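We count residues from 1, following the sequence as given. Nothing here was measured: the structure is a model prediction, and the numbers come from that model.
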Amino acid sequence: MRMSAGLLDKLRATDLASRVGPVRSDAEAGALDEFIRSGVKFAASSPEMETRYYDAVRELLACIRPAGGDTPILNEGGVYLGCWLESTGTINAELLARFVPTVAQTTFMGFAQHQREDGLFPYKLTANGPAFSQIQTVTPLARSVWTHYCLNGRDRSFLSRMYAAMAWNDAWLAEWRDTRGTGGVEAFCAYDTGHDLSARFWHVPDSPYGNDPKAWNPHHPTLPFIAPDLTANVACQRRYLALIADELGQDGGEWREKAKRSEAALYEQSFDAEDGFFYDRDRLGRLVKVQSDVLLRVLACEIGDDAFFAEALERYLLNTRKFFAKYPFTSIALDDPRFDPAYDYNSWSGPTNFLSLIRTPHAFEHHRRFTELTWVLQPTLAALFRSERFAQTLHPFTGREGYTEAYSPAILCLLDFVERLCGIQPRPDGELWFNGLVPDAGEHRYAAHATAYSRIVEGRTFELVNSASGCTALRDSEVLFAVPAGVRVVTDRAGAVQSLVGLSAATVEGWFSTPQGGVELRIGPNEELRFRDGQLTRVHGPDLVPPTY
């Protein structure tokens, strides 16, 4: 299998500091130094792809600055001045942990340091201090904290501090956000879930009553809502608190029991079995039947088994009448009469939002739907590579960038999706994923792209060169393996091959070779083959959920 030596040379010659340009503060300089130490670099046959990649790194650095203190943390960016719990302090920082882990950790810690005296986390941190007028909760913080902990040295003092804070916040939610005693978690306003202008919350106040997170408007006819995304968040949060408790030498059993009760409440209060969908339940006992990206949020909280997820893909996420627009995923179902693709303002009633996109991979990977995930990665990257701004929204039909700019979720989306598609991705379980695809423009004429990517792991430099025909990986400049395109090779952190996973919708055939020899390969979509003693044996068979119409 041939490797593009020219592209590899180009990768090695890349000076990240030169590509990024002058830094504007000590915070940016420190973050750039740490990014450089990660060894992450990207080269491509397309100059436009390379340019946008390093634009993303440059604009990411500009999002790292103090907010509510002296220590630099990740900021949301664009018109959002500060750090939000629903995004910046959770999923954004979780992604940042693979590139600038010190800033990710200080971002997480900011919410613990500014926790209110009754246990409530601030919903945002700004230059004016912490704010508490709503809960604004989406991605489970405990999962993000656990991921960072496992990836970056297992700092037990950090984990212990965050555990105590998260347990305290959990107690606050249990006391103040279950007024009906259902075991679910209630939304008092639209901002509680960050679903600004969503049809889900039409005629519901944006903020809690009196801007008090403990109160809803008593004159409102339908509040509070038992919210599926908030309830799923707490269920998932509690499962990860159990893991953390075990890690810290405590008993995670009580957290697991609480998680089971939360998940039971989720299904009892919010799940419509006929629709196969999760909805809010209002105080009159009625389901608020607006199909929104709540489904994706619930699934990203690891709710449901593999069969449940496959059905959700078929009926909703990969259905072009529902959420699978040309540039997925829409924030309201396409066939809902309230769907509006307007993307030039902060709307969750139609346009594709980058926060939804960066929350997506965990849901798919948790259920081993790696191939289907690439159908989200590819169009999103195509839109990002041709964009001129890192916006909050995309037009779901055209992929044009919408509201605001320099928005860290969009910036991190590009860095994350490149790594998941054609890069080297460290995993919290100690694996390295060498992802064997290349970006596909998806529009106009076919173009055969090639990429190269590098990352330093525990002092060793790994490199991956991808083309339309195959990929080659190197460790400290020595060939580690070569494999046909459309395959992920999974290794440990030292580079020892453990398994292969099919990423293509088509069956990939060819030759998998290492310095010790080679073996004939045939692998289908999502199939996993274990590699032991020079032989491949099946662990999971091929399986695919195709798009529906």
CA sep, side-chain torsions, deciding dist, call: D335, Q291, side chain to side chain donor-acceptor pair (under 3.5 Å): CA-CA 9 Å; D335 62 357; Q291 293 183 346; over 6 Å; no
CA sep, side-chain torsions, deciding dist, call: F354, Y407, ring-ring contact (aromatic ring centres under 6.0 Å, His included): CA-CA 9 Å; F354 274 103; Y407 184 61; 7.5 Å; no
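- We find that D306 and R368 are not joined by a salt bridge, their nearest charged nitrogen and carboxylate oxygen being 4.0 Å or further apart.
- Residues S356 and D293 bring a donor and an acceptor atom of their side chains to less than 3.5 Å of each other.
- A heavy-atom distance below 4.5 Å is not found between the side chains of L437 and C422.
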Step-by-step side chain to side chain contact (heavy atoms under 4.5 Å, CB included) determination, F329 to K322: CA-CA 9 Å; F329 292 108; K322 294 294 185 180; over 6 Å; no
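- The closest side-chain donor-acceptor pair between S467 and S469 falls under 3.5 angstrom.
- The cationic atom of R52 (NZ for Lys, CZ for Arg) does not lie both less than 6.0 Å from the six-membered ring centre of F42 and within 45° of the ring axis.
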Residues H220, V204; criterion side chain to side chain contact (heavy atoms under 4.5 Å, CB included); working and verdict: CA-CA 8 Å; H220 195 277; V204 170; 4.1 Å; yes
Stepwise salt bridge (Lys or Arg N to Asp or Glu O under 4.0 Å) test for E263 and R239: CA-CA 10 Å; E263 187 164 346; R239 283 196 293 270; 3.1 Å; yes
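- Between R338 and D336 a salt bridge is recorded (basic side-chain N to carboxylate O distance below 4.0 Å).
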Working for salt bridge (Lys or Arg N to Asp or Glu O under 4.0 Å), residues R98 and D416: CA-CA 9 Å; R98 303 207 307 267; D416 177 54; 2.6 Å; yes
Intermediate values then yes/no, side chain to side chain donor-acceptor pair (under 3.5 Å), E76 and S87: CA-CA 8 Å; E76 190 80 355; S87 50; 2.9 Å; yes
Stepwise salt bridge (Lys or Arg N to Asp or Glu O under 4.0 Å) check, R538 with E527: CA-CA 8 Å; R538 176 177 290 170; E527 185 173 7; 2.8 Å; yes
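- Under the 30°/60° scheme for interplanar angles, the aromatic rings of F108 and H148 are found to be tilted.
- Rounded to the nearest 0.5 Å, atoms CG (L85) and OG1 (T107) are 12.0 Å apart.
- Residues D229 and R200 are paired through a salt bridge, judged by an N-O separation under 4.0 Å between the basic side chain and the carboxylate.
- If you check the side chains of N346 and Q392, you find a donor sitting under 3.5 Å from an acceptor.
- Side-chain contact between I303 and F278 is present, with heavy atoms from C-beta onward closer than 4.5 Å.
- Distance check, rounded to the nearest 0.5 Å: OH of Y54 to CG of L60 gives 13.5 Å.
- Ionic pairing of R177 and E186 is not present here: no N-O contact between side-chain nitrogen and carboxylate oxygen is shorter than 4.0 angstrom.
- With no hydrogens or angles considered, no side-chain donor-acceptor pair links E419 and Q425 at under 3.5 Å.
- Residue-environment remark: CZ (R58) exceeds the threshold of 12 foreign heavy atoms within 6.0 Å.
- The side-chain heavy atoms of S331 and S292, taken from C-beta on, include no pair separated by under 4.5 Å.
- Relative to the ring axis of F370, R488 places its NZ or CZ within 45° and under 6.0 Å from the centre.
- Between the side chains of D206 and Q134, not a single donor N or O lies within less than 3.5 Å of an accepting N or O.
- Residues F434 and Y453 place their aromatic rings such that the two centres sit no closer than 6.0 Å.
- A distance of 6.0 Å or more separates the ring centres of F385 and Y53.
- Because its NZ or CZ atom is not both nearer than 6.0 Å to the ring centre of F271 and within 45° of the ring axis, R281 does not count as a cation-pi partner of that residue.
- For the pair R427 and W433, the distance from NZ or CZ to the six-membered ring centre is under 6.0 Å and the angle to the ring normal is within 45 degrees.
- The shortest side-chain heavy-atom distance between S133 and Y123 falls under the 4.5 Å cut-off.
- Between the side chain of T126 and the main chain of G82, no donor-acceptor pair closer than 3.5 Å is present.
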